[in-house]
Structures are given as structure tokens and as C-alpha cells.
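First up is the structure itself, then whatever we jot down about it.
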Amino acid sequence: MIRSSFRSWALVTGLALLASACGPVAPSAPATPTAAASQPTSATVAPTSGPPIKIGIIEDLSGPSSYYSQVTVKGIRAAAAQINASGGVLGRPLELLAESDNGEPSQAPALARRLISNGVTAILMASGSASALQVKPVVAEAKVVYLAPTNLNTNIAKAPGNEYSFMMGVPSTNLGTVFTEAFKRANVKRVGFFTDDSATIAGTTAPILKAIRDAGIEIVAEEKASSRATDVTAQVARIQNSNPDVVYSHSLGGPFEAAFFNAVSEAMPNVMRVSGPSLCSEPEVWALARPNALDGIICGGNVTLDNPRTVAANAAIRSFVGPSYPGITAFDAQGYDSVFLLKLAIENAGSADDPAAIKGGMEKITRYQASWGNTDFTISYSAEKHNGADGICGVVFSVFKGNQPGGSWNVYQPSC
Amino acid sequence: MPPPAVAVSIVEIGCFYALIAAAYLVVMHGSGLFNFAIGPYAMAAGLGGAFFGSQLGWPAVVAILAGIAISVSVSLLTELVIVRPIEARGGPELAALVAMVSVLFAVQQGAATAFGRRPLPGTRWIGGDLIRLGPFTVDPQSVVLVIVTLVVFGALAIWFRRAKYGQLLRAVGDNKHAARTLGLPVNRIRLVAFGLAGLVAGIAGSLFAPKAGVSFDAGLLYTTSGLLAFVIGGTGSVWAPLVGGLLFAALQLMATLWFGSSAIHYVTLAVAVVFFAFRPGGLFTRRMRT
């Protein structure tokens, strides 16, 4: 019977292969008059009028990057609501149009074209870096400002074809710098490195590993698993066999990260564990881990409540989301700031209908005080600099306690 | 010998694969069909239980039972609404297979609509700290998974041998046309088979979901993994899926351990090629009287 049903198996296998291919507030103390224009005001608010300014969002509702994507979008929506309640942008309300690529980079260009044909003034990328790179030529051709709030891949904002593309999050080169310094401060000599197999992560891993190796720190294991894996015990055993001083996970997050640290907490409970920005910013993932399995993990890419703008942003997003809001993370803060940066750019341009002027408006933004990162962290753009981070202090290290980010890591915090 | 943690994972994953394969076996005996929707049934049970437990705050027992009830219900509906009309029309085998694949995707999308497209933490059957047994560290949930797996297989073995419908199921599996000619209630037997498969798949999905969460699109992976475990084991014994599941899990994890992460894909392909080319009946083949 099995023999006669070979066609059945072939059919489902083919389908399987096909499928497999397949809270924060506005800055309160602007450093420059340009930045000041973006701040919400408590003065009497004029009602918005005129046609809405449409802002496109490409998000991930169900793919591997959906955990952080939805956190980011929460911040974007909160900021748009706050801006509309404060009189809009140039007196016009913001309208958000969202499309989901479900974590499939190949879908992103078509979605970007759809948003553009629907008349968006700008596009915010809330899916993975691989999707962001796919959209880059589309926005260059259409001359629509494009801002990636959380993506790490530095090529998004690099020439060629970057005229309309801007980044706002921590670039992977900066991540490499700060993690390397963190390892040096913690006297780490041997790193066991773990990643998922997504295109987004593949595009951001090389600068991080290069920085670590250039510092003379040995990568003793480099393991990978499917971003949809539910068991990574064998990979963890391989890392354990390499006897690392630290286990470092760099992934899109989601259940993958929970499965990894569940296994590591059992196999190597006394080895230093480090994770990138995703784990710090995905509250739903914390619930997927076994009780206390995340405790002690040092996570690079959190927020600090020492930053007063983070505190304000936390209150603003909470008031938008409601009591279920679990509290601010870097990703919703970045989503939140991205809308205020677009507001600034449009106000600098004096028009929401002139793409070239809005691009110029983005390039005029200097020392925007972010709602994430350390207190001194700012974002600036120019014609030559489309990667907004001013220095490495956008990364905050914290230590997990009770399966959620707890206090600041006292060994090292990057400064600008 | 694998390291203790890997050995524990082999048993965990192997038991899960085995339960899914057992559900395939039951449907195969009762209808002669490969039911590709078995994986989504398991997913629906896990995701439903997770949704009721983590999102609606239902007590764990109620959430788990409700999740499994979804799996059984959807499986019964598959028989009543999809398979029975096709069989009544005397349609070709391919029509039923395509319908099963359609059900696979329909259940996935239905679960996404009902419970959301994001992965949820599975509702645990049992809580408590990790259990240390010598070099082994075991999650209590995994202990339950193993015990329930053995109970399910034991119950199936007894049912097939002793119960009226169990024996009828095997008769239909041996020769559906002969069973119909003899006046056996083939439709009712097939309905029982689908209901039982839904129950076994639901138990599997519910038990496995807490391992690392469950999402609506996990069903396809469950389907292919369980199918390969079924193919390895064969149909010659009720216990064959258990052997197939454990062997397939061991091959996957040991290949990853010895050769690195990408080896899992080669092993999966190799298993498929080797068994279909050289051992299409699986390790345990049925002896037919001629």
C-alpha cells in the first residue's frame, strides 16, 4: 500500500519544499531647532484638516520576524495616533496603510509597489532586513522616502541606490563593535555562536563575527538551525563540546530563541549567555521559555529607564495600547521614533507632496534625541549619511531576571 | 552514544513523530488513504489549547481537552464532508489525495483565523521543575509525553486485536472492496478511523506544543515528519510507527550532532529516497494471506 502511494508522498513532499522556500513618547528635549519641530505639544491643538498623509508599513504578521515586527508596529501606531491627536503634520492627519509580507522577502517589492500606487508619502519597513533590501530599488525608482526603524543590515542605507533609503536602528557593524567590547570586558576568549537560517540574519552576521575575530576572540563553534526549529539540542551539544566561555545567539527571535535558551539553560547552566536585540524586545517569546530559563542572559539591545524619553515613550504607548501593554522595548521605541522622524522630515520639507523635498527634510535631521538607547544617543542624517545612529550608545545591555529583561548589566554599557 | 540532552530530545521528538505516524496508520487501515491533514489536526489541538489557555485564561485541563476536541471534530468533518462524498462518487485515489492536501491548508488557515497567526505557548499538561535522573535532565512535560505515547500505542494494540471496530478496521484496511462486498459498514468504520486518528493526532499536538510553542503553519511540518516516520515503520505492526518515529528522530538529531545543522536536510532526503527505493513497505511489512 505504501508503494502504491508513492505519488502521495511525492505530492506532499513537493508541497513541503514549496512551503519551506517559502511603552514609548516623543523626545522631550530636542537638541536642535530642527528636532524641536517634531515634538508634540501640550498647547491647544488645532484639529487636523485636508487630505491625510499616507504612510505605508510593510510588516510581518506570521513569519519568523513577526514577533519583533508586531512590537515595532505597535510603536508606529501609537506615534501616529499621538501625532494626529496633536494636530497632525502640517495640519494634516497621518493615515497608516499596512501590508504584510509574512516574513517572505520576495513578497516585499510587490507590497511596496502596492503601497506606492495607493499614494503613500513614505514607507516604514517593519519586517526583516532581507525584505528591506528587496524594497530598496523599488523606492529608489519611485522616489519615495523609505525608513527602516529596526533593521540591522547596513546595506539598506548604503550606496548605490540609497537615495531614498534610510536606517534608524542599530547597524550590525555597531552590534559587532559593542558585543566585542562586551566580551573583552567579560574576559571572554572563546565564543560559541548560534544563528537561524533566515536571509535577514545571514546578511547581518558577517560584520559581527568579523569584529569578534579581529579582536582576537576565537569563534569556537558556529551553529545554525531553521528559524522554525522547535528543537536545537544537537546544535547546543555541538556548541557545548567546543567548550565556549560564552554562548551568543543572533537570530530573528521568536520560538527559535526560546528553544535555544531552553536547551542551553539545561546543558550549560553556568556558561555566560548573550543574545542580540530580538530577545530583549519580544515579550511574547519570554512566555515561551521554560520558567527561569532566560535568567542571567545578557541581552544587547534593550532600553533603559534612565533615558527620560524612554520613560515618556513608555507612558505614551501604554496609553495607546492599554493596560495589557507589557512595557517598552527597543523595537516599539524605534517604531515610535520612526514616525516622529518622518514628521520632522515633512515639516522640514514644508510639504507632504514633494518626495525630493521630504528626502531633503530627512537629510536635515540632526541630533534627534531618541526614545531608545542610552540617554546621550541621537540620530542624524545627511546627504552622505543615511544610517541614523550617531555612535554605538544605542545599544543598552541588560540582564534577564524572572524571564524578562531586568537591570542594567554592570560590566559594560556603550557610550557615545 | 548521544549526549544525555540529545538522547532526551530523540525520545521526545520520536514519541511525537510516532503518535502522528500512528494517526496515519489508523486512517490507512480504515480507509486506505494517506490523510495529509493529520499534521494540521495536531497543530489545531496544540494551538487551540494554547489559545484557550494563554489567551482566554481557561483552566489547563479544559483548554487541553477543548484543543483535542477540535482535532477530533475536524477529523470527523473531514471524513463526513470531504472523503465520504468522494468515496460515494467512486472517484479516483488522486481526487481523495488532492482533497486531503486541500484540507491540510484549509485547517492551517482556519486555525490562523480562529487563533491568530502568531505562535503561542502551548498549554502544559504538567508543571514543575526539571527532573534530574542521573545524567539526564527531563522536563516533566516530556515524561508525560513518553508515558502517554506508550499508553496510546498499548491501547491501539489492544483495540486492533480485541475490539470489534479494531478488527473491522483491519479488515477494511486489508481489502476495502471485499469488506464492502461482505456488507461491512465501511462508511462507519472509516468514520471511526478518522475520529480515532483525530484523537491521537490531537493528543500528540497538545503534548508537543509546550516544547517551543506552536503556530498555525506548523501543521505541514508535522505532516511530513509524521509521514516519514510512518514510511520508515511501515504498516506491519501497530508498534511500527513508534519504531519509525524514534528512528527518524534519532537519525535527524545524530546527523546534526555529528555533521552540523544542514545535515538534517540530507538525512531527511536520504531517508525518503532509501525507503521508497529499497524498502517501500517500511521496516514492518504486513503479511497477507494469499
Side-chain angles (χ1 to χ4, degrees), chain A residues 1-13 15-17 19-20 22 61-63 66-67 70 100 102 194-195 197 222-226 228-238 240-241 254-260 262-263 265-267 269 284-285 287-293, chain B residues 2-3 5-6 8-9 12-13 28 32-34 36 54 93-94 97-98 100-101 104-105 112 117-121 127 129-130 137 139 173 208 211-218 220-221 223-224 227-228 230-231 234-235 252-257 260-262 264 272 275-276 280-282 286:
Chain A
M1 193 168 288
I2 290 179
R3 184 195 295 274
S4 70
S5 296
F6 179 76
R7 281 178 305 167
S8 324
W9 180 87
L11 179 63
V12 81
T13 303
L15 287 164
L17 292 171
S20 66
C22 332
L61 284 174
S62 63
S66 63
Y67 276 88
Q70 292 310 296
S100 173
N102 293 319
F194 188 65
T195 61
D197 64 353
E222 198 176 334
E223 291 297 322
K224 186 184 289 188
S226 163
R228 296 180 187 276
T230 55
D231 187 281
V232 292
T233 314
Q235 288 90 339
V236 169
R238 286 171 64 86
Q240 186 179 16
N241 289 342
F256 177 91
E257 197 91 348
F260 178 67
N262 278 341
S265 68
E266 282 181 40
E284 289 170 284
V285 175
L288 296 177
R290 287 200 191 105
N292 304 318
Chain B
V6 176
V8 169
S9 276
E12 264 177 11
I13 296 170
M28 177 61 78
L33 285 175
F34 272 112
F36 298 133
S54 68
E93 183 195 11
L94 188 60
L97 290 175
V98 171
M100 289 293 101
V101 173
L104 185 162
F105 290 109
R117 306 183 77 83
R118 312 285 305 289
L120 294 175
D129 290 338
L130 296 173
T137 304
D139 188 321
F208 195 66
K211 184 166 172 64
V214 57
S215 62
F216 80 97
D217 56 356
L220 185 56
L221 180 64
T223 282
T224 50
L227 180 62
L228 281 171
F230 176 54
V231 168
T235 58
Q252 284 190 324
L253 271 78
M254 293 308 291
T256 303
L257 181 67
S261 305
S262 56
I264 192 170
F275 273 86
F276 279 105
R286 303 183 73 181

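This is a predicted model, so every value here is computed, not measured. We name chains A, B, ... by the order of the sequence lines, and we start the count at 1 in each one.
- Without hydrogens or angle criteria, B:Arg117 side chain to A:Leu61 main chain gives no donor-acceptor distance under 3.5 Å.
- Only the side chain of A:Glu284 comes within contact range of chain B, judged by heavy atoms closer than 4.5 Å.
- Of the atoms belonging to B:Glu12, it is side-chain heavy atoms, and not backbone ones, that fall under 4.5 Å from chain A.
- A side chain to side chain donor-acceptor pair (under 3.5 Å) with B:Ser261 is found for exactly one of A:Arg238, A:Glu223, A:Lys224, A:Glu222, namely A:Glu223.
- Contact annotation for B:Leu253: both backbone and side-chain heavy atoms come within less than 4.5 Å of a heavy atom of chain A.
- Of all non-hydrogen atoms in B:Leu257 and A:Ala237, the two that sit nearest each other are CD1-CB, 3.5 Å.
- Expressed to the nearest 0.5 Å, how far CG of A:Asp231 lies from NZ of B:Lys211 amounts to 4.0 Å.
- Heavy atoms closer than 4.5 Å to chain B are found in both the backbone and the side chain of A:Tyr67.
- The contact between B:Phe216 and chain A is made entirely by side chain atoms (from C-beta outward), counting heavy-atom distances below 4.5 Å.
- Side-chain contact between B:Val214 and A:Thr230: absent, with no pair of heavy atoms (C-beta onward) separated by less than 4.5 Å.
- For B:Leu120, the part lying near chain A is the backbone, with the side chain staying farther off; criterion is any non-hydrogen pair under 4.5 Å.
- Residue B:Asp129: no heavy atom, backbone or side chain, is found under 4.5 Å from chain A.
- Among B:Pro119, B:Gly213, B:Ala255, the residue with the largest count of heavy-atom pairs under 4.5 Å with chain A is B:Pro119.
- No side-chain donor from either of B:Thr137 and A:Glu266 sits under 3.5 Å from a side-chain acceptor of the other.
- A distance of 8.0 Å separates CG in B:Asp139 from CG in A:Asn262, rounded to the nearest 0.5 Å.
- Of the residues considered (A:Asn292, A:Val232, A:Leu288, A:Val236), A:Leu288 shows the highest number of contacts with chain B, using heavy-atom pairs under 4.5 Å.
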